[in-house]
Amino acid sequence: MKPISRRTMLQGVGATLALPVLDAMLPNAAWAAPEQLVQNRMGFIFFPNGAIMKDWTPDEVGEKFSLPKTLKPLEKHQKDFLVLSGLAQTKARANGDGGGDHARNSAAFLTGAQPKKTSGADIQAGVSVDQIAAAKIGTQTKLPSLELGIEPGRQAGRCDSGYSCAYVSNISWKTPHTPMAKEVNPKLVFERMFGSGEDQKAMEERNFYRKSILDFVASDTKQLKNKLGRNDQRKLDEYFASVREIEQRIERSEAEADLARPDVEIPEGVPKDWAEHVRMMYDLMVLAFQTDTTRVCTFMLANSGSNRRFNEIGVNSGHHQISHHRNDEALVANLQKIDEYSVKQFSYFLDRMKSVKEGDGTLLDNSMLLYGSAISDANRHTHHDLPILLAGQGGGTVKTGRHLQYEKETPMNNLFLSMLDRMNAGVKEFGDSTGRLDQLS
């Protein structure tokens, strides 16, 4: 049978739906050549306000290491990620610019560039690593990149010690002067991924009748299934179940928002619960990678310097506020709780990535997912010995399941160069890089 095109879309009135990788999309001999299937994905997850590093950093180096308290939620995934210690992002430091470490944290995180200290329109940072990759490979997918977040942000105004709010609200930069605004509404992300430019009337009718995107492509689905083997039909059913489950969760979030504050306009599809919001965004990332809608994604768990309260885990003071703990034991304990709670959500993401089979491996095996920040100890505003995890094997090019300790002040941009190599981006240098990061493979 002639292979189905990797770009096959299910078509319907006012909607299209991308497909996951199916056996029928590969040449007859492709099962014996998994390299024909592998397409590396690159994801960057940012958290603000640093971490309690004594509860983050393993005591042992190498393969035989015990997970410290904060990383305990990742225990079942220990063989699937690297803990990288000793990395630094020097351009997040003041370097003569005074206060504003939180704004520099997010602005320099993926750009490796010193942000210009301004609260005006003349913002300047650098092109971020995700956008370098998107410029090289983005034409191969529907979306060159996807930028997600949890907290809305501003692109103007003053937010941190004379720095523009644009620095606080973004980690992805298309040019040194143009940040890539993130989307915080799961419904809008879903429609960007699976919509087909339907007109406003069609969108209103679809929302009114609450029809699933699966209903719109039902006819095309039936025809496709008749051409597929049993294994591909199972994959398709599992994929459709994931799509529909996300739709239902978005609908529930809309209903809860309307009930909670009927007299205030609330963005549709934004869950009230932080963890549910985060997990919904992680699920959308999985779908985006699974369907090859994009191979590059960034996700801000919060804006830099976020002061959100985590009442659900017993932390009733603002995150940024307690990050300046001055070694107060109670504040340190609360900050560690937030760190661990965020890692727990990342563990959920790895669960979902590993659940998607791709060739002889999983979606996680063919991805590189960086989880971290460009600030370590927020109490002292330090930007070395950063809290960095790298999950996924990058298509077999990364040897996971280890704690790697690098020499102090090793540029984090060396890691980005190494990741870009695995995306075939052809970049020779990045920021203050001194070469590729060794020991990854």
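No experiment lies behind these values; they were computed from the predicted model shown.
Under the 4.0 Å criterion applied to side-chain N and carboxylate O atoms, K174 and E147 are not assigned as salt-bridge partners. Of the charged side-chain nitrogens involved, none lies within less than 4.0 Å of a carboxylate oxygen, so that K69 and D339 do not count as a salt-bridged pair. A salt bridge is defined here as a Lys NZ or Arg NE, NH1 or NH2 lying under 4.0 Å from an Asp or Glu carboxylate O, and K72 with E75 meets this definition.
Separating the CE atom in M300 from the OG atom in S169 is a distance of 7.0 Å, to the nearest 0.5 Å. Distance check: L67 CG to D55 CG gives 12.5 Å after rounding to the nearest 0.5 Å. The CD atom of E358 sits 8.5 Å away from the CE atom of M353 when rounded to the nearest 0.5 Å. With rounding to the nearest 0.5 angstrom, the CG atom of L148 is 11.5 Å from the CG atom of L188. One distance of note links CG of N379 with CD1 of I322; it measures 11.5 Å at 0.5 Å rounding. Rounding to the nearest 0.5 Å places CE of M368 at 12.0 Å from CG of L82.
Remark: the T118 side chain and the S164 side chain contain no N/O donor-acceptor pair separated by less than 3.5 Å. With 3.5 Å as the limit, one finds a donor-acceptor pair spanning the side chains of S172 and D130. Using modelled atom types, one finds a donor on one side chain and an acceptor on the other under 3.5 Å when comparing N170 with Q155.
Annotation: side chain of R279 is in contact with side chain of Q345 (closest heavy-atom distance under 4.5 Å). No side-chain heavy atom of N95 sits less than 4.5 Å from a side-chain heavy atom of R104. Residues P186 and L284 meet the side-chain proximity criterion, which asks for heavy atoms closer than 4.5 Å. Contact annotation: the side chain of H325 approaches that of I52 to within less than 4.5 Å [non-hydrogen atoms, C-beta and beyond]. In this structure, D97 and Q114 have side chains that are in contact, with non-hydrogen atoms separated by less than 4.5 Å. N49 has its side chain out of reach of F47: every pair of non-hydrogen atoms, C-beta onward, lies at least 4.5 Å apart. Looking only at side-chain heavy atoms (C-beta outward), L370 and F109 come within less than 4.5 Å of each other. The shortest side-chain heavy-atom distance between F46 and L110 does not fall under the 4.5 Å cut-off.
Evaluation of the side chain to side chain donor-acceptor pair (under 3.5 Å) rule for T397 yields R422 as partners, not counting sequence neighbours.
Contact between A103 and S106 at its shortest, heavy atoms only, is O-OG, 3.3 Å. Heavy-atom minimum distance, T293 versus T141: O-CB, 3.4 Å. In terms of heavy-atom proximity, A113 sits nearest to A108 at O-CB, 3.6 Å. A pairwise comparison of heavy atoms in G305 and P48 identifies N-CB, 3.9 Å as the closest pair. Minimum heavy-atom separation, A288 to M193: N-CE, 3.5 Å. For the pair I123 and G120, the tightest heavy-atom approach, listed with the atom from each and the gap, is CG2-O, 3.7 Å.
Between the S418 side chain and the N414 main chain, a donor and an acceptor come within less than 3.5 Å of each other. No donor-acceptor pair closer than 3.5 Å links the side chain of R402 to the backbone N or O of L84. Proximity of a side-chain donor or acceptor of S347 to a complementary backbone N or O of P73 within less than 3.5 Å is detected. Side-chain N or O atoms of T291 include one that pairs as donor or acceptor with a backbone N or O of L287 at under 3.5 Å. Between the side chain of T57 and the backbone N or O of K54 there is no donor-acceptor pair closer than 3.5 Å. Judged purely by atom type and a 3.5 angstrom limit, D365 uses its side chain to pair as donor or acceptor with the backbone of T362. Under a 3.5 Å cut-off, the side chain of Y167 and the backbone N or O of Q124 do form a donor-acceptor pair. At least one donor-acceptor pair closer than 3.5 Å links the side chain of T294 to the backbone N or O of L143. No donor-acceptor pair closer than 3.5 Å links the side chain of K136 to the backbone N or O of N424. A donor-acceptor pair is defined here as one N or O able to donate and one able to accept, closer than 3.5 Å; such a pair exists between the side chain of E151 and the backbone of N303.
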- Message: Does F310 form a side-chain contact (heavy atoms from CB on, under 4.5 Å) with N334? I'd like the steps, not just the answer.
- Response: CA-CA 9 Å; F310 289 83; N334 277 341; over 6 Å; no

Determine, step by step, whether Y163 and R158 satisfy the side-chain contact (heavy atoms from CB on, under 4.5 Å) criterion, reporting the C-alpha distance in whole Å, the side-chain angles of both residues, the deciding distance to 0.1 Å, and the verdict.
CA-CA 6 Å; Y163 282 96; R158 179 172 174 166; over 6 Å; no

| said: Go through it in stages, so that I can follow the logic: the residues are N40 and I137, the test is side-chain contact (heavy atoms from CB on, under 4.5 Å), and I'd like the CA-CA distance, side-chain angles, deciding distance and then a yes or no. | reply: CA-CA 11 Å; N40 259 336; I137 65 169; over 6 Å; no

query: Is there a salt bridge (Lys or Arg N to Asp or Glu O under 4.0 Å) between K91 and D432 once you walk through the steps?
result: CA-CA 9 Å; K91 298 304 182 181; D432 66 346; over 6 Å; no

Exercise for the section: Check step by step if side chain to side chain donor-acceptor pair (under 3.5 Å) holds for D80 and Q393. Expected result: CA-CA 7 Å; D80 301 305; Q393 296 181 13; 5.0 Å; no

side-chain contact (heavy atoms from CB on, under 4.5 Å) for F416 and M419? Distances and angles first, verdict last. CA-CA 5 Å; F416 294 153; M419 294 176 71; 4.3 Å; yes

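Using cut-offs of 30° and 60° on the angle between ring planes, the pair H381 and H102 is perpendicular.
Heavy-atom contacts from other residues, nucleotides or ligands closer than 6.0 Å to CZ of R436 number more than 12.
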Extract all donor-acceptor atom pairs below 3.5 Å that involve side chains of residues 383-392 and protein atoms in other chains or at least two apart in sequence.
{"from": "H383", "atom 1": "ND1", "to": "A374", "atom 2": "O", "distance (Å)": "2.7"}
{"from": "H383", "atom 1": "NE2", "to": "A92", "atom 2": "O", "distance (Å)": "3.2"}
{"from": "H383", "atom 1": "NE2", "to": "D101", "atom 2": "OD2", "distance (Å)": "2.7"}

Check residues 403-412 and write down every donor-acceptor pair under 3.5 Å in which the side-chain atom is one partner and the other belongs to a residue at least two apart or another chain.
{"from": "H403", "atom 1": "ND1", "to": "E60", "atom 2": "O", "distance (Å)": "2.7"}
{"from": "H403", "atom 1": "NE2", "to": "S85", "atom 2": "OG", "distance (Å)": "2.8"}
{"from": "Y406", "atom 1": "OH", "to": "D438", "atom 2": "O", "distance (Å)": "2.5"}
{"from": "E409", "atom 1": "OE1", "to": "R93", "atom 2": "NH1", "distance (Å)": "3.1"}
{"from": "E409", "atom 1": "OE1", "to": "R93", "atom 2": "NH2", "distance (Å)": "3.3"}
{"from": "E409", "atom 1": "OE2", "to": "R93", "atom 2": "NH2", "distance (Å)": "2.8"}
{"from": "T410", "atom 1": "OG1", "to": "E407", "atom 2": "O", "distance (Å)": "2.6"}

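Y371 pairs in a ring pair (Phe, Tyr, Trp, His ring centres under 6.0 Å) with only one of the listed residues (F44, Y282, F346), which is F346.
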